[in-house]
Amino acid sequence: MSELKKFSFAQTVTPDLCGKEPKMQPPAAFMLFQNAASLHAEDIGNGTAALAERGLYWVATHSRIDFYDDARLMDKLTVSTWVNPAKPNAVRGYRGYDIFVGDRRIAEGLTEWVVLNRETGFVRFSEFGFPDGFEFQDYVACGGKLRRFRDEFSDDDEVYTFVVRTSSIDIGRHMNNVAYVRAFLDCFTADEAASMPVATMEARYITACMEGEELKIYKKRTGDGYVLGARRSDGKCAAFLGITLK
């Protein structure tokens, strides 16, 4: 494989990225990868403002993160991202990520994303407008594998009701993807979250949720971890989170 060319930025593990223990918690990785995608898009001229002028916006529909090691409080991180090539007629693209502390790999991530036109819906990548000469990278993170989710929750799996409030809303005017991850992790105690040996976290985003919506949060134990869901008032799941334990 040729050398992977990545867009990178530096980040210190500050207390806001940690939980009860002085180490970076999984939602922080989701946030850092979201930030990496935004910074990279801005760098190549396809940032939020530039897309808005064309009536476009991009959204992540599925994100997987494999965790390999802990990043401790005040560690110096290198957060990187790259874009995989897409067929011209495709409407779904894939972006890879990783986090290192020096030469030590902390995590690797893969996101499926789409571009939407506010009036007409999905935009094909041939019409999206990457810069001329943009370097797509062939390496697909996490083996390119994304899991399928099914709503198989019973009433006994319901944990609590989450109300979408101000702190969950982003510039897209709907619940931010990272806010779902945080809401799901609130199904666990602080002790449980701090000691959980997470190998993989994978979030599937189905539909946007708006301020004031009530979501029933469900948690089911599986053979190798947990699956969680956020069900809307119409009975349909808006998002899932799968947790695989080491």
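Just so you know, these numbers come straight off a predicted model, no measurement behind them.
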Group every Ile, Leu, Val, Met, Phe, Trp and Tyr by side-chain heavy-atom contacts under 4.5 Å, then state whether [X] and [Y] land in the same group.
X   : Y    : answer
Y97 : L146 : no
F33 : Y57  : no
I65 : W82  : no
V79 : L110 : no
I99 : V101 : yes

Inter-residue atom distance [X].[atom1] - [Y].[atom2], 0.5 Å rounding:
X    : Y    : atom1 : atom2 : answer
R221 : K219 : CZ    : NZ    : 9.0 Å
T200 : K246 : OG1   : NZ    : 9.0 Å
E202 : K145 : CD    : NZ    : 11.5 Å
I243 : F184 : CD1   : CZ    : 9.5 Å
M24  : R72  : CE    : CZ    : 11.5 Å
M201 : R64  : CE    : CZ    : 13.5 Å

K23 side chain vs A194 backbone, donor-acceptor pair below 3.5 Å:
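Checked: pair present.
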
Donor-acceptor under 3.5 Å (T78 side chain, A10 main chain):
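Not confirmed, T78 side chain does not pair with A10 backbone.
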
Look at atom [atom1] of [X] and say whether more than 12 heavy atoms of other residues, nucleotides or ligands are closer to it than 6.0 Å.
X    : atom1 : value
R150 : CZ    : no
D155 : CG    : no
R147 : CZ    : yes
K236 : NZ    : no
K5   : NZ    : no

Return the minimal non-hydrogen interatomic distance between [X] and [Y], and the atom names on each side.
X    : Y    : value
F162 : M175 : CE2-CE, 3.5 Å
E21  : C18  : O-CB, 3.6 Å
V163 : G212 : CG1-O, 4.2 Å
Y160 : A183 : OH-O, 2.7 Å
V164 : M210 : CB-O, 3.4 Å
Y205 : S63  : CE1-OG, 4.2 Å

Flag side-chain contact, heavy atom, 4.5 Å: [X] against [Y]:
X    : Y    : answer
R54  : N46  : yes
L241 : Y226 : no
I206 : R232 : no
F240 : F153 : yes
L185 : Q25  : no
V114 : F122 : yes
D70  : I106 : no
Y218 : C237 : no

Could you go step by step and tell me if D156 and S154 meet the side chain to side chain donor-acceptor pair (under 3.5 Å) rule?
CA-CA 5 Å; D156 291 339; S154 68; 4.6 Å; no

Mind running side-chain contact (heavy atoms from CB on, under 4.5 Å) on F149 and V227 for me, showing each step along the way?
CA-CA 9 Å; F149 289 93; V227 62; 3.9 Å; yes

So S80 and F100, side-chain contact (heavy atoms from CB on, under 4.5 Å) or not? Walk me through it.
CA-CA 9 Å; S80 302; F100 279 81; over 6 Å; no

Using the side-chain contact (heavy atoms from CB on, under 4.5 Å) rule, take M196 and L245 through it: C-alpha gap first, then chi angles, then the decisive distance, then the call.
CA-CA 7 Å; M196 192 182 304; L245 303 178; 3.4 Å; yes

Would T189 and D191 count as having a side-chain donor-acceptor pair, cut-off 3.5 Å?
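T189 vs D191: no donor-acceptor pair found between side chains.
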
Which other residues belong to the hydrophobic cluster containing I44, where Ile, Leu, Val, Met, Phe, Trp and Tyr are joined when side-chain heavy atoms lie under 4.5 Å apart, directly or via other members?
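Besides I44, the hydrophobic cluster comprises L51, L56, W58, V83, W113, V115, V123, F125, F128, F130, F134, F136, listed by chain and residue number.
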
Whether D157 and R231 form a salt bridge (side-chain N of Lys/Arg under 4.0 Å from carboxylate O of Asp/Glu) is what I want to check.
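Result for this pair is no, no salt bridge flagged.
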
Show your reasoning for whether side-chain contact (heavy atoms from CB on, under 4.5 Å) applies to D138 and N84.
CA-CA 6 Å; D138 289 329; N84 299 126; 6.0 Å; no

Could you name each residue pair satisfying salt bridge (Lys or Arg N to Asp or Glu O under 4.0 Å) that touches residues 105-120, not counting sequence neighbours?
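For residues 105-120, and leaving out neighbouring residues, the salt bridge (Lys or Arg N to Asp or Glu O under 4.0 Å) pairs sorted by first residue read R92-E112, R105-E108.
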
Distance under 6.0 Å and angle within 45° of the ring axis: does K6 meet both against Y139?
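The answer is no, since K6 fails at least one limit relative to Y139.
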
